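Owing to the predicted nature of the structure, the values given are computational and were not obtained by experimental measurement. Residue numbers begin at 1 in each chain, while the letters A, B, ... track the order of the sequences.
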Number of protein chains: 2
Amino acid sequence: MNSKTVPNTATGQKASSAHRSYEEELREAGIRITKPRKVILKILTQASDHPDAMEIFRRAVKVDASIALATVYRTMKMLEDLGAVHRHSFEGGPARFENADAEHHDHLIDLDTGDVIEFHSERIEQLQQQIADELGYDIEHHRLELYGRKRKK
Amino acid sequence: MNSKTVPNTATGQKASSAHRSYEEELREAGIRITKPRKVILKILTQASDHPDAMEIFRRAVKVDASIALATVYRTMKMLEDLGAVHRHSFEGGPARFENADAEHHDHLIDLDTGDVIEFHSERIEQLQQQIADELGYDIEHHRLELYGRKRKK
DNA sequence: CTTCCAGTTGCAAACGATTTGCATTTGCAT
DNA sequence: ATGCAAATGCAAATCGTTTGCAACTGGAAG
Ligand SMILES: [Mn+2]
Ligand SMILES: [Mn+2]
Ligand SMILES: [Zn+2]
Ligand SMILES: [Zn+2]
């Protein structure tokens with residue numbers, strides 16, 4: 001009763017607008033808006049999944065063949081430091097990213113397909129908080145991942 | 001001078017696990033008990049922390065300088081496949097291991113010291129189960145990690 | 001107690017993901 | 001338009017981990 005999938009952002013090619021755009025954030029932070037960054041930011045804005053660096057690179061190369069993988073890594077690091085994206089390290093694999101302005105949520109990873117399903121449980125969040133309190137800790141962040149497969153029948 | 005199977009009663013050491021020993025498990029699985037494995041297994045049996053491969057290697061080399069890091073990795077993989085140890089990948093860092101026969105628990109990682117504190121919440125476990133149910137999934141395993149620092153105050 | 005060989009080892013080279021050094025561009029403030 | 005720090009592409013380097021291979025056992029059979 002208290003879990004729900006979080007609807008994802010825009011589908012289609014809704015370039016900018018919506019919430020505060022990445023470019024706006026960079027500008028505010030005094031970071032240059034370069035051509036490769038524009039391409040990457042657009043890809044991230046349009047992404048409805050949780051792509052890894054290589055996947056972002058593949059999509060970027062289709063738009064501008066001269067973009068380097070290193071630039072994707074550098075840009076993702078920069079966005080993470082800015083707090084504009086979140087980095088997830090699911091089960092050993094490469095880091096995957098997602099826009100940071102969605103509401104907090106946790107993930108269920110489909111072991112067969114690799115699909116990532118988002119969910120949120122306020123009750124779990126509270127319990128985590130309570131546990132940290134009891135242990136005398138302030139939680140900075142946490143990670144809750146469920147790994148499973150579609151229920152057979 | 002070798003009688004059949006001398007019962008391996010505790011050698012006066014603190015045998016922290018009151019469960020089936022690693023060597024017993026290997027034997028049952030038909031896996032050879034070699035000199036380097038004995039060293040590693042003893043280290044794991046005595047460990048009360050969550051050491052990574054390099055740390056296990058360091059401890060092993062003190063006992064037998066000829067042990068190779070590759071052997072540590074191979075042995076840990078084998079133990080994981082056997083289900084004798086659990087592998088954790090906390091926040092980007094190298095994989096850390098722990099004996100698998102402790103009760104299930106989750107971890108709080110101290111961001112300042114790297115210390116790992118164990119905790120368990122049956123209520124959270126239930127909620128996870130409930131969420132997976134609602135999403136139509138069977139959970140194979142999960143991962144709940146809290147990252148924080150000792151409460152200043 | 002020997003023999004025997006598949007399992008195991010040490011070593012180095014290979015790996016995949018990510019980072020970094022550096023010479024060359026480029027954004028953008030002046 | 002100009003100047004220069006910031007950013008880029010490329011290659012080489014790092015890090016944790018895995019793997020190929022020849023040499024070396026564990027332990028079952030004799
Ligand atoms: Mn997500
Ligand atoms: Mn533990
Ligand atoms: Zn959460
Ligand atoms: Zn748990």
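- For A/A95, counting side-chain heavy atoms from C-beta on, the closest listed nucleotide (C/dT8, D/dT17, C/dT18) is C/dT18.
- Between A/E91 atom CD and D/dG16 atom P the separation is 20 Å, expressed in whole Å.
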Take A/E91 and A/I109, measure what side chain to side chain contact (heavy atoms under 4.5 Å, CB included) needs, and give me the verdict at the end.
-> CA-CA 9 Å; A/E91 201 96 306; A/I109 294 85; over 6 Å; no
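- You'll find the side chain of A/H107 reaches within 4.5 Å of the side chain of A/E118, heavy atoms only.
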Close N/O contacts between protein and nucleotides 19-22 of chain D (under 3.5 Å):
from	atom 1	to	atom 2	distance (Å)
D/dG20	O6	B/R74	NH1	3.2

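- The side chain of B/T34 contributes an N or O atom lying less than 4.0 Å from OP1 or OP2 of C/dT9.
- One can place NZ of A/K38 at 14 Å from C1' of D/dA7, the figure rounded to the nearest angstrom.
- Both A/F119 and A/L127 belong to a single network of hydrophobic side chains, linked directly or stepwise wherever heavy atoms of I, L, V, M, F, W or Y lie under 4.5 Å apart.
- Atom pair A/I33:CD1 and C/dC28:C1' shows a separation of 11 Å (rounding to whole Å applied).
- Regarding B/R37, its CZ atom lies at a distance of 10 Å from the C1' atom of D/dG26, rounded to whole Å.
- Taking atom CD on B/E80 and atom C1' on D/dT18, their separation rounds to 14 Å, with Å as the unit.
- Distance, A/L82 CG to D/dA7 P: 11 Å, rounded to whole Å.
- Transitive grouping of hydrophobic side chains (ILVMFWY, heavy atoms separated by less than 4.5 Å) brings B/L26 and B/F97 into a common cluster.
- With a cut-off of 3.5 Å on both pairing distances, the Watson-Crick or G-U wobble partner of D/dT14 is C/dA17.
- A donor-acceptor contact under 3.5 Å is formed by the side chain of B/R32 with the base of C/dA6.
- If you check residues 51-67 of chain A against DNA chain D, the residues with a heavy atom closer than 4.0 Å are A/S66, A/I67, listed by number.
- Remark: P of C/dT8 and CG of B/D81 are 12 Å apart, rounded to the nearest angstrom.
- Ring centroids of B/H104 and B/H141 are separated by 6.0 Å or more, keeping the two rings apart.
- Residues B/F97 and B/K35 each lie close to DNA chain D; by heavy-atom proximity, the contact nearer the 5' end of the strand is made by B/F97.
- Residue B/P94 is the one, among B/P94 and B/I31, whose nearest nucleotide of DNA chain D lies closer to the 5' end (criterion: closest heavy atom).
- One hydrophobic cluster holds both A/I67 and A/Y73 under the rule that ILVMFWY side chains link at heavy-atom gaps under 4.5 Å.
- Side-chain atoms of A/H50 and A/E98 form a donor-acceptor pair, as typed in the model, at a separation below 3.5 Å.
- For the pair A/V72/A/I40, a side-chain contact is recorded, criterion being any heavy-atom separation below 4.5 Å from C-beta on.
- Note: A/H88 and A/F90 have parallel aromatic rings, judged against thresholds of 30 and 60 degrees for the angle between ring planes.
- Between the CG atom of B/L69 and the P atom of C/dT9 there is a distance of 13 Å, given to the nearest Å.
- Using the Watson-Crick or G-U wobble rule with both distances under 3.5 Å, D/dA6 pairs with C/dT25.
- At a threshold of 4.5 Å between non-hydrogen side-chain atoms, the residues A/E125 and A/L144 do not count as touching.
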